[in-house]
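Report on the following structure.
Every chain is numbered from 1 and lettered A, B, ... according to where its sequence line falls, protein lines coming before strand lines.
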Amino acid sequence: AAGTKGGEQPQPSGAASGGEGGALRIAVGGYVSSWDQDFVGFDLTALMLFKNVFPYMIDYGVKDVGGAQILDTESIAPTFAESFEPDADNKVWTLKLRKGVKFASGNEMTAADVKWSKDRAFAAKANVAGVYRLIGLTEADQVKVVDDYTVEFHQAFPSALTWQIQAISLYVFDSAEAKKHATDADPWAKEWFAKNPPTGGYFEVSKAVQGQEIELSANTGYPGQDPARLSTIRLTVVSAAATQRLQLEAGDVDIALGMSRRDVADLKDAQGIKVISAPSNNQVAIQMSVATAPFDDVKVRQALACAVPYEQIISNVYGGDARPAKSLVPLDMPGYAETGYPYAYDLDRAKALLAEAGKPSISSELVFEADNAEQQQIAVLVQSEARKAGIELKLVPLDPATLGERREKKSIPLQLTAGQLWVNDVEYMLGTSFTKGANLNYSNYVNDEIEKIFEQSHTTVEEAERLKLWARVQEILAADVPWAIICQPNFTLPVREEVAGWVQPMDGLARLRYLTKA
Amino acid sequence: MADLTTAGEAGPPRAAAADRGFATTLIRTGSVILGLVVLAVLIGPLLVRWGPEEIDAAASLAPPGGAHPLGTDVNGMDILSRVLHAGRLDLGVAVASVALAVVLGTLLGIVAGYRGGLVDDVLMRILDVFQAFPAFILALAVAALLGGGVPELILVIALVNAPAYARLVRAEVRTVRELPFVEASRTSGSSGLGTLWRHVLPNSLTPVRVIAPLNCGWAMLTLAGLSFLGLGVTVPTAEWGAMISLGSADVVAGRWWTSVPPGLLLLVSVLGFSLLGEGLQERAGVTR
Amino acid sequence: MRIARFTARRLLQAVPVLLGVVVVTFVLVRVLPGDPIRTILGPNATEADAAAARARYGLDQPMWQQFVDYLGGLFTGDLGVSIQSGQSVMGEMAVRLGPTLELVVIAVTIATVLATVLGIWSARRAGRAGDHTLRVLALVGNSLPEFWLGLVLILVVYSGLGWVPAPSGRVDPDTNLSLITGADLLDAVLTGNGPAFASAAGHLVLPVATMVVVIVAPLMRSVRASALEVLGSEAYRAAAAHGLPERTLLRGYLARAALVRLPALAALVFGFAIGSTVLVEYVFSWQGFGQWALRGLLFRDYPVVQASVVVIALCYTLIFLIADVVHAVLDPRVRI
Amino acid sequence: MTLLDIRDLKVAIGSVQALAGVDLTVARGEVVGLVGESGGGKSMIARSVVGLLPDGARATGQVLFEDRDVLTMDAATLAAHRGAGAAICFQNPRGALSPTRVIGRQLTDRLVTHQGMDASQARSAAVGLFESVGIRSAARRFGSYPHELSGGQAQRVMISLATGCAPGLLIADEPTTGLDVTLTREILLRFREAADEEGRGVLLISHDLASIARICDRLVVLNAGAIVEHGPTTAILTTPAAPYTRTLLAAVPTLPSPHPAESGESAGSADPARPAGAGVSAESGDPAQPAGSAVSGDEVVRVEDAHVVYGSRFGAGGHHALRGVSLTVRAGETVGVVGESGSGKSTLARLMLGMITPSRGAVTLAGREPSRLRGRALRALRRRAQLVFQDPIGSLSPRRTVADAVAEPLRAAGVKAPERARRVAAVLERMGLDGTYAERRPHELSGGQAQRVGIARALAGEPDLIVFDEPTSALDVTVQAQILKVIGEVTAERGRGSVFISHDLATVRGFCDRVVVLYLGRIVEEGPVEEVFARPRHPYTMALLAAVPSLDGEEETGRVRLTKDPEEAAAGGGCALAPRCPFAEDACRTEEQELRTLGRARVACRRAGALPDLEGPER
Ligand SMILES: Nc1ncnc2c1ncn2[C@@H]1O[C@H](COP(=O)(O)OP(=O)(O)OP(=O)(O)O)[C@@H](O)[C@H]1O
Ligand SMILES: Nc1ncnc2c1ncn2[C@@H]1O[C@H](COP(=O)(O)OP(=O)(O)OP(=O)(O)O)[C@@H](O)[C@H]1O
Ligand SMILES: [Mg+2]
Ligand SMILES: [Mg+2]
């Protein structure tokens with residue numbers, strides 16, 4: 001019940017007029033489930049909107065790769081903030097705010113807002129609190145207000161990840177407004193924030209029709225570089241991919257965010273439509289649980305890695321728009337080495353490996369997301385080829401809740417995973433995916449040497465030193481094969497020809513401020 | 001859809017002759033359609049070169065012609081083969097689930113209708129509870145508890161249908177049990193079960209017999225709907241609804257062949273069942 | 001007065017049913033595998049985070065305690081807080097139910113009216129070509145999967161002919177329709193918003209058409225059969241034999257008597273339609289109750305699932321109650 | 001000019017020749033009776049007069065109505081002819097009234113259409129018409145739906161609808177079937193009035209000669225689609241020419257003579273029942289026997305002060321169907337139970353069979369109380385008593401063969417299959433059904449055959465008691481006689497007790513030893529047959545006897561008639577009959593009536609002895 005139902009704002013601003021032609025329309029697959037970033041479920045549409053309507057203190061820069069504009073995760077710069085810098089030990093980070101930045105309520109953004117927002121994040125024990133742990137922030141009092149425009153973050157240890165982590169966490173609420181709606185039972189005004197869009201970001205939510213459409217208007221008071229270029233953007237909910245396509249073709253929407261790979265490939269030569277394509281660090285893989293038979297046998301894992309039809313997947317599922325991956329470390333991540341994954345589609349070798357393992361025929365379930373057409377296709381292709389090698393796979397699509405539960409129990413022998421690391425760094429990758437107890441380590445992979453390297457990397461700030469460590473990591477992973485890495489699909493997006501300025505987000509969350517419409 | 005209340009409506013004598021003629025036409029047409037479909041799905045697969053889950057790596061979304069008379073789907077599987085194999089599954093699930101629903105519903109309906117009183121009230125309330133659950137919730141529950149497979153789907157569709165049959169049979173039993181021949185049987189000293197089995201049951205099943213074919217068509221549509229929601233058969237099992245669902249996006253791209261063949265076969269089969277059911281209803285109404 | 005007493009009694013009878021629904025749903029949803037909490041936590045969440053979230057939704061309590069709390073909430077009209085969105089289920093449902101009910105009510109109403117007119121028309125021509133054609137056509141409509149039909153309609157009517165607005169949303173946001181009931185057409189009437197009314201009506205055309213095509217056949221069959229029965233009845237023949245004019249016969253002796261069976265069936269169809277909206281809503285991006293309930297189920301959003309099932313059960317109860325009252329009004333022989 | 005002149009009318013439906021050349025005339029002011037057995041084509045004639053033959057019927061010949069042929073009329077003429085020219089009063093009035101329209105509106109529809117009235121005129125005219133056909137509080141009834149009417153009222157409404165069309169010819173198709181004897185007369189008189197006072201032609205159709213004989217000017221006898229005889233009523237009744245007419249006349253049960261020998265008519269033709277040599281008649285003929293002990297055989301069933309209350313579906317209330325009935329039946333004895341519809345006859349039957357338990361009082365069957373038994377023992381006891389049903393076809397399961405049905409009591413008794421087959425064959429044989437019937441199903445039987453099967457089933461288990469619940473009322477008159485003969489034979493057997501239930505006194509008279517008269521769940525009179533029939537002491541019994549139709553056609557004005565609307569007579573405190581009783585005094589309305597012995601009978605009327613002048617057949 002966003003917007004109008006709450007009785008609070010938003011006033012249809014006069015600027016929003018401009019008529020049909022002026023506004024840019026984006027088709028999205030669903031409506032935001034909640035406006036409260038601290039408590040929200042994992043909802044891509046919502047996270048994308050937050051990037052554009054919350055004031056983030058720092059954000060990624062933009063770089064040009066082969067003609068495509070992409071977000072540069074290695075250059076992070078202050079946006080709403082004046083500056084964000086560490087002390088000499090890399091332990092205490094100081095955030096300086098600009099003066100005169102205002103929320104929609106008219107309240108000025110001050111250090112108190114930052115402090116309140118961080119206190120709230122720690123109290124929520126959810127998203128932000130989770131990632132802050134990686135950089136040694138676990139208590140609310142590690143965040144200190146120095147003066148009205150200065151806040152200090154006292155990390156427990158220095159970390160190479162601070163920029164990255166803070167880039168995704170440093171968003172600020174209008175605390176003065178929030179306190180008006182806080183109650184004893186609800187000190188963090190959860191109820192109010194769930195229903196009412198935040199303010200102060202690049203865009204303001206000028207209208208929200210529950211379930212149907214959200215209208216964004218540029219925040220004219222933004223003080224920094226790169227303010228929003230379009231005055232109005234509309235996000236329209238179109239659940240079915242097929243209808244998104246029809247509407248794009250008809251010109252009723254300018255950008256379609258939820259279309260299938262196949263449709264996008266089709267639209268490459270459609271009239272009035274262009275397809276933006278950019279390399280991404282999105283990894284598609286099959287994680288094998290090394291703790292579960294039969295994948296506790298490295299030979300079996302290698303056999304499966306040889307039974308995956310990599311090229312067929314790239315051409316059939318992604319229409320060729322994907323890069324083959326040669327390491328578990330993503331392409332474009334500093335330290336990537338071709339030697340990290342010495343396996344290719346080779347059924348004879350797969351059979352030979354199985355024979356070596358003494359298990360000429362094995363069976364297992366292959367788990368994937370139920371509503372994910374892409375994964376479904378991959379699973380079908382893998383099943384078909386693996387069967388030829390003597391590996392019988394039972395396809396098990398799981399709904400989000402069951403998948404979440406089974407992942408938490410780490411009880412899935414074989415599963416398809418897809419995703420990109422929020423931080424483009426091997427240390428972060430190890431911490432999340434390849435160390436003991438790591439959350440994304442669905443393979444249950446443990447290797448003592450990697451544990452040691454990970455430990456070491458916390459304090460290794462020297463770039464060359466780190467690269468050396470990463471090379472070793474890839475050697476180990478190549479031998480152990482906890483994953484069969486399938487490919488890195490490119491990011492593709494069909495838009496109307498009039499649309500320009502798309503910047504490919506490496507975190508998957510579109511920055512709408514760069515968009516223009518001819 | 002599960003419309004079970006119109007069973008056995010009497011047609012008037014005025015239109016009787018003409019209607020009986022039309023009823024026969026309906027029954028014949030329905031039977032011929034179903035016969036052809038059954039024949040096709042039984043014999044057809046033997047004549048097709050590709051297996052239903054066999055992937056032609058070279059031909060994803062190939063248009064009809066050449067090695068694939070009806071083209072291939074996005075996975076490179078042969079549409080013709082899949083459509084025919086799917087028919088076996090769909091018809092099988094439809095018939096099996098309706099049969100199961102009939103058995104379950106009849107049992108419940110008989111007990112409730114014949115015993116009456118508290119037993120009736122309690123059973124009916126339980127059925128009410130059951131009917132309050134939408135099909136997809138039941139489907140998900142059963143799939144999650146028992147695992148998602150064809151037997152589970154049959155169970156789900158049967159469970160969704162059974163209450164309607166139970167009501168139908170119950171209503172009929174309540175009428176029949178008051179008829180003189182039932183009392184006659186009881187005065188003869190027959191046991192309750194004997195009377196039930198020999199007199200009440202055979203005379204209470206006419207509406208069920210008439211409705212069942214109509215319901216088979218509806219069961220197929222339900223299966224298709226569940227597949228569309230991703231609650232039906234798992235990939236890559238060939239099933240019409242799942243094929244339509246997978247291919248529905250292709251239609252807008254002009255690749256009609258992925259979803260039109262299963263769609264047409266589904267339509268034709270459901271229509272076959274409907275015509276048959278309609279004809280039977282008509283006839284039952286007239287001859288009653 | 002009698003109707004009031006009847007209604008009261010029926011509602012009272014519905015209480016155990018609803019209670020049964022509540023218990024079954026409550027248990028079922030918790031017995032199902034799947035963890036709602038994991039779906040709202042990021043991948044980096046620790047066990048402690050999960051426990052905190054669990055505590056936030058009261059899921060750390062013993063089952064019976066949760067049930068007592070839930071039941072208590074039910075009686076005070078508090079359906080809990082959605083795990084997915086953190087918003088009150090009541091509020092979310094209020095926005096979701098309106099659009100879906102609007103869709104279903106309009107579709108069932110149109111189907112019923114259509115069925116009445118066509119059914120009687122068909123019965124009066126029983127055995128002739130027009131009758132046969134109509135019935136077969138209705139059966140064809142009844143044999144189409146609704147999602148498929150919806151897509152084809154979009155392709156033809158929206159993409160091909162451009163006669164209707166894009167199948168996204170239910171009303172043009174530029175009309176600034178303010179929400180009262182959630183049913184856009186009704187809200188437009190209530191607020192006297194002409195453009196919004198036109199826009200909402202335009203958006204309704206295709207989904208309503210889809211549903212009508214799918215559900216009209218059984219209704220029509222019922223009306224036709226009843227009308228035939230009346231036409232062949234002694235009563236109707238007696239009226240005809242006494243030389244009453246056509247109009248009197250149609251209005252006074254045929255129409256009402258032919259409709260007595262319709263309410264019960266229409267109620268059944270209504271229940272069916274509520275279930276099938278989940279498909280239609282998806283195809284037309286309707287963002288209604290069906291999709292909400294389905295999503296709640298897929299994410300094991302306990303309060304959402306519980307609330308949606310109870311509401312569906314309540315809808316069933318009410319609609320059958322209404323059907324019985326209408327039946328009693330139509331058919332004087334029925335006692336309520 | 002005759003009003004209606006049918007000439008050589010032939011109607012064929014498919015291969016069935018429903019009418020094979022019928023000639024018939026009706027003049028204004030004349031009542032013509034059309035009689036014949038069911039399926040003879042009577043309704044077909046009626047329908048042809050209003051041009052409403054069934055689909056697929058082909059008619060030849062002429063149906064001249066005021067010299068215009070109905071069969072060749074165009075649609076508009078026909079529409080004008082229907083109702084205004086000829087109007088039918090339909091067989092089964094309940095079915096012929098539209099259930100969803102209030103009766104007043106149905107009548108005003110006719111008045112507006114045919115008499116050109118406007119709405120308010122029609123309304124007041126309708127109320128007047130209702131009153132004239134004898135409907136009380138007509139203004140209130142205007143808004144009633146047909147299902148709220150009793151059978152008699154529905155029939156009256158139907159008549160008002162037909163006369164409301166102001167037709168030249170009024171056709172009444174079996175207007176009294178299914179009605180109480182007491183009402184039948186009342187209704188028939190209306191038609192006589194229509195002819196006499198309004199000058200209409202009336203065609204009165206019935207399968208029951210006796211009931212219509214007394215009001216018709218002429219009679220036409222129809223058999224299998226052809227007229228077999230016609231002429232003035234008295235001529236046909238006294239000197240029937242066609243054999244078929246004689247059969248029809250013979251089939252009419254008559255009351256006047258208790259014993260065939262004493263009857264003035266030819267022996268055996270009028271009285272269908274008692275076969276010569278059956279012992280009962282001799283015994284019960286002895287006037288010295290005290291009441292209730294006509295036979296000294298073993299007691300088969302004993303009902304003591306039984307009350308039966310049918311609970312209503314929702315808690316409180318219920319219908320008190322029997323109120324303190326006591327009755328004993330001995331082996332070798334036949335007890336008749338009479339009473340109008342709803343008086344509790346069938347309830348009493350079910351009580352004796354152990355199918356229901358009395359809410360108060362006791363029933364003893366073959367020495368044991370069914371209400372104290374359960375399961376196997378109860379079922380075994382139930383086999384000791386058997387029932388023969390009113391609806392012969394309906395009491396046979398449509399999906400079971402005759403042999404199967406008859407074998408049912410044997411199967412229940414655990415008789416082995418070969419033995420069972422033998423006994424089934426034997427009992428069917430006894431009922432005059434040869435082996436070819438064994439494998440038939442009910443729909444392949446005629447009503448009479450089905451009833452024979454029903455009796456065979458009752459006999460198969462060799463019970464101690466057989467109860468006949470109106471076993472002939474659903475049958476054709478001619479078939480009735482045959483079945484009564486069979487029943488007479490069965491009840492004459494010594495080893496068994498029989499109960500014969502009927503609403504018709506005449507049929508009871510033939511072979512019962514004792515008769516019990518029920519009124520609203522109470523026994524109002526009981527005693528030996530000849531005693532009760534010769535000297536009825538209770539006003540209700542008198543009324544029942546008075547209402548029995550007879551062929552002599554004379555009005556028996558001296559006899560007792562109850563007031564008209566039984567359904568409006570509320571049972572108050574005292575005697576249940578008081579609201580309808582012509583002799584009722586204030587005391588009757590307050591005092592509960594007890595059965596007391598009067599002569600050889602017992603009567604529940606405090607004035608029973610004090611009504612001597614109206615008693616008995618001497619008038
Ligand atoms: N609609 C019909 N279709 C075919 N045959 C019919 C139809 N109506 C009547 N008949 C046949 O025509 C014959 C005459 O029927 P009709 O109804 O006139 O008999 P009836 O003398 O009125 O009998 P009843 O006393 O039972 O009313 C019967 O043999 C009957 O079976
Ligand atoms: N199962 C029942 N439930 C409620 N009331 C009943 C039931 N059976 C009979 N009655 C009522 O009990 C009264 C006596 O019924 P019963 O059938 O014994 O009458 P009857 O004398 O046999 O009449 P008929 O001549 O019409 O057969 C009637 O008023 C009837 O409506
Ligand atoms: Mg007749
Ligand atoms: Mg009876």
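When each of A/Thr236, A/Thr402, A/Leu403 is scored by its heavy-atom pairs under 4.5 Å with chain C, the top score falls to A/Thr402. Highest contact tally toward chain C, considering only A/Ala129, A/Ala250, A/Gly29, A/Gly211, is held by A/Gly211 [criterion: heavy-atom pairs under 4.5 Å]. Contact tally against chain C (heavy-atom pairs below 4.5 Å) for A/Ala242, A/Ala240, A/Gly419, A/Gly30: the top residue is A/Ala240. For chain C, the option among A/Pro400, A/Ala27, A/Ala438 with the highest count of heavy-atom pairs below 4.5 Å is A/Pro400.
Listed in order of number, the residues of residues 186-198 of chain C that approach chain A to under 4.5 Å between heavy atoms amount to none. At a heavy-atom cut-off of under 4.5 Å, chain A is reached by C/Glu281, C/Tyr282, C/Val283, C/Ser285, C/Gln287 from residues 278-294 of chain C, listed in order of number.
Rounding to the nearest 0.5 Å gives a distance of 10.0 Å between OG of C/Ser159 and CZ of A/Arg245. Between A/Ser33 atom OG and C/Ile83 atom CD1 the span is 12.5 Å, to the nearest 0.5 Å. One distance of note links CD of A/Gln212 with CG of C/Asp172; it measures 9.5 Å at 0.5 Å rounding.
Counting heavy atoms from C-beta outward, A/Ser34 and C/Gln87 have side chains that approach closer than 4.5 Å. Counting only heavy atoms from C-beta outward, the side chains of A/Gln247 and C/Pro167 approach each other to under 4.5 Å. A 4.5 Å side-chain heavy-atom check between C/Arg96 and A/Gln210 finds at least one atom pair inside the cut-off.
Proximity to chain A (any heavy atom under 4.5 Å) is shown, for C/Ala53, by neither the backbone nor the side chain. A/Ala124 touches chain C through its backbone: at least one of N, CA, C or O sits under 4.5 Å from a heavy atom, while the side chain does not. With a 4.5 angstrom heavy-atom cutoff, C/Val171 touches chain A via backbone and side-chain atoms both. In this structure, chain C has a heavy atom under 4.5 Å from the side chain of A/Glu213, while its backbone stays farther away.
Counting non-hydrogen atoms of neighbouring residues, nucleotides and ligands closer than 6.0 angstrom, the CD atom of A/Glu191 reaches no more than 12 such neighbours.
Taking both residues in full, the closest heavy atoms of C/Gly86 and A/Ala194 are given as O-CB, 4.2 Å, listed atom of the first, atom of the second, then distance.
For C/Arg38 and A/Glu405, the salt-bridge test fails: no basic side-chain N is under 4.0 Å from an acidic carboxylate O.
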Please report, to 0.1 Å, the donor-acceptor pairs under 3.5 Å made by any side chain of residues 252-260 of chain A, with sequence neighbours excluded.
residue	atom	partner	partner atom	Å
A/Asp252	OD2	C/Tyr158	OH	2.5
A/Asp254	OD2	A/Arg25	N	2.8
A/Asp254	OD2	A/Lys517	NZ	3.4
A/Ser260	OG	A/Asp263	N	3.3
A/Ser260	OG	A/Asp263	OD2	3.3

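Judged as a side chain to side chain donor-acceptor pair (under 3.5 Å), and not counting sequence neighbours, the contacts of A/Gln287 are A/Ser443.
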Derivation and outcome, side chain to side chain contact (heavy atoms under 4.5 Å, CB included), residues A/Glu408 and C/Ile37: CA-CA 11 Å; A/Glu408 189 203 346; C/Ile37 291 302; over 6 Å; no
Taking it one step at a time, do A/Asp399 and C/Arg300 satisfy salt bridge (charged side-chain N to carboxylate O under 4.0 Å, His left out)? CA-CA 9 Å; A/Asp399 59 53; C/Arg300 304 290 186 278; 3.0 Å; yes
